[in-house]
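Below is one structure, written out as structure tokens; the observations come after it.
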Amino acid sequence: MPRTLTPMMAALLGLATTAQAQQALPEVKIQEAASERDGAAAQGYRPAQVRQLGPLADLPLLDTPFSVHVTTSELLQNLQASKPDDAFRYNPVVQLQGPQSRFFTSVAMRGFSVGSTKRIDGVPSTTTYVNTDLEDKERIEVLTGLSGFLYGSGNVGGTINYVLKRPVYQPLARVTAGITEGSNLRVHGDFGGALDADGRLAYRLNAVAQDGDLRLDGQSLRRGLVSGALDWNLSDRLQLQFDASRSTYHMQGTEPFWDVDPGAAFPAAPELHRAYGQPFTRTDTTQTQWGARVTWRANEALTVRTGLTQRKSDIDLIAANNLFVAGAPGRYRVQASAWDYPDVQALGGFALVDGKLQTGSLRHKLTAGWYGDHDERTPFLSSAGGWATLTSAPMDIAAPTALTAPPFSITGAKYIAQRSRYGNWVLGDHVEFNAQWSALVGLTNASITDTNYNAAGATTARYGDSRTTPSVAVLFKPLEHITLYANYMESLEKGGTAPLTAGGRAVVNAGAILPPLLSKQAELGVKAELGHMLLTGALFQIDKGLQYTDTTTNPAAPVYVQDGRQVHKGVEFTASGRALPGLTLWGGVTLLDAQVTRQTSNPALQGKTPANVAEVQAKLYAEQDIAAVPGLALTGGVLYTGKQQRDALNTQQLPAYTLLDAGLRYAAKVSGKPVVWRLSVANLTDRQYWLNGTYLGRPRTVSLSAQVDL
């Protein structure tokens, strides 16, 4: 153990006497190389570590007083995941709200939409309107619930962190080729290795090409990705990391968004293999990114971490909304328009100091510093200023019609329309009282500044606020492999920006920025490693300010408002690992009671369940090794989503649905090269269902791939 260091702040600033280490630190490259083996298929995808838990960095999962669910590298491979929809399919704490085949994958956790809380390597990724490539990601770490101390403002339902693949120090040359959803072909190359004999310099390169038709007439996808990473270990204590990528995405025939005219209702889910979208709709995105990080382990007691990442996205699209017509069951009309979504340039960074010291019998792991991000956005530009370029005559849902594209013409000029700044000063202390008891206490000063501009550069709206919020968590380990915890957290959340349209009608206060909101969470949880399984459970309550587009008070003139609270209570249970020799189970259950409370301007919402929130969600993915055929595994899963309210007033309820999946995987050597074949069938019975009150479900789809290590 290092000798005692005092005072505390001197240790944080690096001014105290250097601690004496009893053993040398392991090389950084060894830590990085081992990270992708955590949660391997042989372990039942059971992770032991959380790679990036906000400013706390890497921690054993059993020592985290939060609900964290990890999709590991090998699980992403074996699910043949090429988009977040695939990765979240079996995640029991994530509810898919919108498919990437519309614009981008949107999800909810604990009943709250978390589309704007995506992170890449722990740094905010505010370019939320674009797709997320998975081929250059090592793992996905999902933290549910408030995380103001960990990630600053926002993050009420949870945070999704995509962890980039880092360089490896042994030669890697892996090529995967496959076909999915019709005749869409994908080729992915993953390469890496050391660049010098001493292993001080190593690289990773991922490249993807995908092109071809998808499952529906008029629907196709073409995309490309080049992503590289470089690690430079100047010494065993000092590491520089660099990464950069460029991604392109072109989707033709995007998914339609479904809505209703006042008084209309959703019919039963129709045949899913019909093309309800329009062949002229499309989404085009280009993303570029670069990042640099420095980690300096000054000694066993002091580590300095800093990093900077810039991301830029451009997106334009032609989209269609389908609206059911009142008084004509099963009939809908199409509204379409062209859009140039805001170009977003985001810059995020952090500077943190970690210190270890001892005061009497107490051991402290301290973290202090700053993290935040800044983004600039150009305005939304559209043809005809909204959903008015094309409005079709009503058509029957049993016989959708492909329309002729009108001459779309984008109006307006590009300029900086909005600047947003988020800053977070953090001070945290993980105190170990003894082998059984510990606590994590922290303070975060979060600030939010939003400024809107007109084309002449003049300020049209500005809002700024800051708040210091606490975080307290207590951990108790009755046994080494069992952890009980309780936490309380508050978080400042950015106020919403009023959308341009709702239900095909212009929003009265479109573009208005509403004030920030304060949310609170209390949680009790347990984590246990029993045999070869990791079991987790959490009981939680979140109290959050309510903001929504009011389409009921005056349907002809919807208004975006803040009024009332949302209180979500629930239970999460997850399991991952080897339940029996050769049998892997990965999944869990979420039970949720979500209600609107303290509603004043629209009393009809009092006690109602928010729209598109499933109160029951159960998912299970399983693999069974076949002992008689070495290398063969049967795979499959079952997914249950409970009933959902289609609208805020709960006038119509969408039925629950159950989906079945099946597949197999076979690993062997061909000419001395490891080869893995994978086959999976989603929605095996071709069940017809509404994903929620805005999107249809996914029909039966087949994916097939072969992977070879060269």
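Judged by distance alone, the side chain of Q278 and the main-chain N or O of L403 form a donor-acceptor pair under 3.5 Å. Under the 3.5 Å distance criterion, the side-chain polar atoms of N184 are matched with a main-chain donor or acceptor of L221. Listed for the N612 side chain is a donor-acceptor partner under 3.5 Å among the backbone atoms of G693. With hydrogens and angles ignored, the 3.5 Å screen pairs no side-chain donor or acceptor of T641 with any backbone N or O of A656. Between the side chain of K619 and the backbone N or O of N91, at least one donor-acceptor pair lies under 3.5 Å. Looking only at distances, a side-chain donor or acceptor of D686 sits under 3.5 Å from a matching main-chain atom of R700. A donor-acceptor contact shorter than 3.5 Å links the side chain of D661 to the backbone of N683. Between the side chain of N509 and the backbone N or O of Y560 there is at least one donor-acceptor pair closer than 3.5 Å. A donor-acceptor pair under 3.5 Å links the side-chain atoms of Q688 to the main chain of A269, judged by distance alone. Side-chain atoms of Q219 come within 3.5 Å of backbone atoms of G253 as a donor-acceptor pair (strictly under, hydrogens ignored).
Nearest heavy-atom pair, T549 versus P558, reported as atom, atom and distance to 0.1 Å: CG2-CB, 3.9 Å. L390 and P406 get closest at one heavy-atom pair: CD1-CD, 3.4 Å. Among all heavy-atom pairs drawn from P394 and R331, the shortest one is O-NH2, 2.9 Å. Across every non-hydrogen atom of P92 and G587, the tightest pair is CG-C, 3.5 Å.
With contacts defined as side-chain heavy-atom distances shorter than 4.5 Å, the pair Q644/V613 does not qualify. Within the 4.5 Å cutoff, the side chain of R311 has no heavy atoms near those of the Q287 side chain. You'll find the side chain of T701 stays beyond 4.5 Å of the side chain of T180, heavy atoms only. Under the 4.5 Å side-chain criterion, counting only non-hydrogen atoms from C-beta, P279 is not in contact with Q252. Two residues are said to be in side-chain contact when any heavy atoms from C-beta on lie closer than 4.5 Å; I397 and Y332 meet this criterion. Side chains of V589 and Y640 form no contact here, defined as non-hydrogen atoms less than 4.5 Å apart. A 4.5 Å side-chain heavy-atom check between L323 and V325 finds every atom pair outside the cut-off. Side-chain contact between T609 and N650: present, with at least one pair of heavy atoms (C-beta onward) separated by less than 4.5 Å.
Separation of atoms CG (L696) and CG (N692) is listed at 9.5 Å; rounding is to 0.5 Å. One distance of note links CG of L146 with OG of S519; it measures 5.5 Å at 0.5 Å rounding. The line from CG of D343 to CD1 of I315 is 10.0 Å long, rounded to the nearest 0.5 Å. Atom-to-atom distance recorded for D213:CG and R222:CZ is 12.0 Å, nearest 0.5 angstrom. A distance of 9.5 Å separates CE of M109 from CD1 of I542, quoted to the nearest 0.5 Å. Here the CG atom belonging to L649 is positioned 5.5 Å from the CG atom belonging to L605, to the nearest 0.5 angstrom.
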Could you walk me through whether Q595 and V567 satisfy the side-chain contact (heavy atoms from CB on, under 4.5 Å) test, starting with their C-alpha distance in whole Å, then the side-chain angles of each, then the deciding distance to 0.1 Å, before giving a yes or no? CA-CA 6 Å; Q595 289 189 1; V567 177; 5.7 Å; no

Before you tell me yes or no, could you show the steps for R421 and D373 under salt bridge (Lys or Arg N to Asp or Glu O under 4.0 Å), namely the whole-Å CA-CA distance, both residues' side-chain angles and the distance that decides it to 0.1 Å? CA-CA 6 Å; R421 289 183 173 87; D373 61 290; over 6 Å; no

When you look at Q645 and L654, which way does the side-chain contact (heavy atoms from CB on, under 4.5 Å) test go after all the steps? CA-CA 6 Å; Q645 302 298 332; L654 299 177; over 6 Å; no

Apply the test side-chain contact (heavy atoms from CB on, under 4.5 Å) to residues T694 and D259: give CA-CA distance (whole Å), side-chain angles for both, the deciding distance (0.1 Å), then the verdict. CA-CA 6 Å; T694 53; D259 207 339; over 6 Å; no

Take R419 and D375 through the test salt bridge (Lys or Arg N to Asp or Glu O under 4.0 Å) and record every step on the way to the result. CA-CA 6 Å; R419 288 190 172 99; D375 68 63; over 6 Å; no

Report the C-alpha distance between E181 and R698 in whole Å, list the side-chain angles of each, state the deciding distance to 0.1 Å, and finish with yes or no for salt bridge (Lys or Arg N to Asp or Glu O under 4.0 Å). CA-CA 10 Å; E181 296 190 35; R698 179 186 182 190; 3.5 Å; yes

The test is side chain to side chain donor-acceptor pair (under 3.5 Å); show your working for Q547 and Q562 and say whether it passes. CA-CA 4 Å; Q547 51 190 7; Q562 285 182 348; 3.1 Å; yes

Kindly indicate, with the supporting measurements, whether the criterion side-chain contact (heavy atoms from CB on, under 4.5 Å) is fulfilled by K544 and L546. CA-CA 6 Å; K544 173 188 180 297; L546 179 64; over 6 Å; no

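Side-chain atoms of E572 and T144 include a donor-acceptor pair closer than 3.5 Å. R565 and T597 are not linked by any side-chain donor-acceptor pair at a separation below 3.5 angstrom, with hydrogens and angles left out of the test. When only modelled atom types and interatomic distance are considered, H568 and D543 share no side-chain donor-acceptor pair under 3.5 Å. Residues D450 and S420 bring a donor and an acceptor atom of their side chains to less than 3.5 Å of each other. Using modelled atom types, one finds a donor on one side chain and an acceptor on the other under 3.5 Å when comparing T105 with D85. A donor and an acceptor atom, one from each side chain of Q617 and Q95, are nowhere located under 3.5 Å apart. No hydrogens or angles considered: a donor-acceptor pair under 3.5 Å links the side chains of S383 and S337. R110 and Q521 share a side-chain donor-acceptor pair at under 3.5 Å. Between the side chains of S247 and D133, at least one donor-acceptor pair of N or O atoms lies under 3.5 Å. If you check the side chains of R223 and Q210, you find a donor sitting under 3.5 Å from an acceptor. A donor atom on one side chain and an acceptor atom on the other are found under 3.5 Å apart for T254 and T281.
Remark: K643 NZ is loosely packed, at most 12 non-hydrogen atoms of other residues, nucleotides or ligands lying under 6.0 Å away. Annotation: D217, atom CG; neighbour count of heavy atoms from other residues, nucleotides and ligands within 6.0 Å does not exceed 12.
A ring-centre distance under 6.0 Å is found for W690 and F266. Remark: aromatic rings of F257 and Y695 are close, center separation under 6.0 Å.
In this structure, Y621 and Y90 have tilted ring planes: the angle between them lies in the 30° to 60° band. Aromatic ring orientation, Y341 versus F380: perpendicular (interplanar angle above 60°, classes split at 30° and 60°).
A salt bridge links R333 to D261: one of the charged nitrogens lies within less than 4.0 Å of a carboxylate oxygen. Looking at R687 and E271, no side-chain N of the basic residue comes within less than 4.0 Å of a carboxylate O on the acidic one, giving no salt bridge. Salt bridge annotation for D86-R89: absent, with no cationic side-chain nitrogen under 4.0 angstrom from a carboxylate oxygen.
For the pair R119 and Y162, the cation-pi criterion (under 6.0 Å, within 45° of the ring axis) is not fulfilled.
Scanning for ring pair (Phe, Tyr, Trp, His ring centres under 6.0 Å) contacts around F408 gives F280, with sequence neighbours left out.
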